[in-house]
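In what follows, a structure is listed as structure tokens, so that the remarks can point back to it.
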Amino acid sequence: MSAEPNAAPAPEAAPASTPSAPAAAGARRPSSSAPGGRRAPYPVRRKVCRFCAEKVRDIDFKQIQILRTFTTDTGKILSARITGNCASHQRQLTRCIKRARNLALLPYVSR
């Protein structure tokens with residue numbers, strides 16, 4: 001009878017040290033900022049503005065191949081949330097797409 005209470009504290013000590021080990025190692029949590037406590041099954045990759053990464057200062061409205069990558073198949077302009085563009089480049093991109101549409105370089109609607 002007296003041997004059982006002595007054996008019980010040993011297994012409780014091992015799980016207490018396990019949760020503190022990842023925090024001490026500095027491991028990053030995948031998406032702890034998600035509302036509702038739901039976590040993504042994979043680590044979320046932060047989007048980067050393509051034009052800032054390539055150090056493009058001004059977007060040219062005549063570069064149709066680049067402008068097409070920022071439109072959908074139906075011709076809509078993709079949002080910065082989807083593409084990862086910064087605000088200034090998104091404004092430039094929108095202006096260039098609209099200018100190219102006006103000059104008939106890009107279609108307003110494609111099928």
Side-chain angles (χ1 to χ4, degrees):
M1 289 288 219
S2 63
E4 290 177 336
N6 289 339
E12 291 176 336
S17 64
T18 305
S20 65
R28 298 179 70 190
R29 300 172 95 178
S31 63
S32 61
S33 63
R38 294 179 67 188
R39 291 183 186 174
Y42 50 87
V44 178
R45 184 177 174 197
R46 182 158 177 84
K47 294 177 183 173
V48 178
C49 178
R50 173 182 167 180
F51 300 108
C52 289
E54 296 175 359
K55 297 184 180 177
V56 175
R57 190 169 181 182
D58 295 322
I59 302 172
D60 190 11
F61 68 93
K62 291 174 278 185
Q63 294 178 338
I64 304 302
Q65 295 299 323
I66 293 174
L67 298 180
R68 275 187 200 271
T69 59
F70 293 99
T71 59
T72 62
D73 293 337
T74 58
K76 291 184 177 180
I77 300 172
L78 291 173
S79 67
R81 185 181 61 86
I82 302 296
T83 60
N85 286 338
C86 64
S88 64
H89 280 124
Q90 182 67 26
R91 284 192 299 268
Q92 282 184 26
L93 182 72
T94 303
R95 195 177 323 122
C96 289
I97 289 173
K98 289 180 179 178
R99 188 174 291 161
R101 283 176 179 167
N102 196 15
L103 294 173
L105 299 174
L106 277 177
Y108 284 95
V109 177
S110 58
R111 296 180 187 179

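Both backbone and side-chain heavy atoms feed into the values below; hydrogens, waters and symmetry mates do not.
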Contacts of Phe61 that satisfy ring pair (Phe, Tyr, Trp, His ring centres under 6.0 Å) - sequence neighbours left out:
none
Linked, directly or transitively: Ile64 and Phe70 (ILVMFWY side chains, under 4.5 Å)
yes
Going by the salt bridge (charged side-chain N to carboxylate O under 4.0 Å, His left out) test, which pairs reach into residues 43-56, not counting sequence neighbours?
Arg50-Glu54
Name every donor-acceptor pair, under 3.5 Å, that has one atom in a side chain of residues 87-103 and the other anywhere in the protein, sequence neighbours excluded.
residue : atom : partner : partner atom : Å
His89   : NE2  : Val56   : O            : 2.9
Gln90   : OE1  : Asn85   : ND2          : 3.3
Gln90   : NE2  : Leu78   : O            : 3.1
Gln92   : OE1  : Ile59   : N            : 3.3
Gln92   : NE2  : Arg57   : O            : 3.4
Thr94   : OG1  : Gln90   : O            : 2.8
Arg101  : NH2  : Gly75   : O            : 2.2

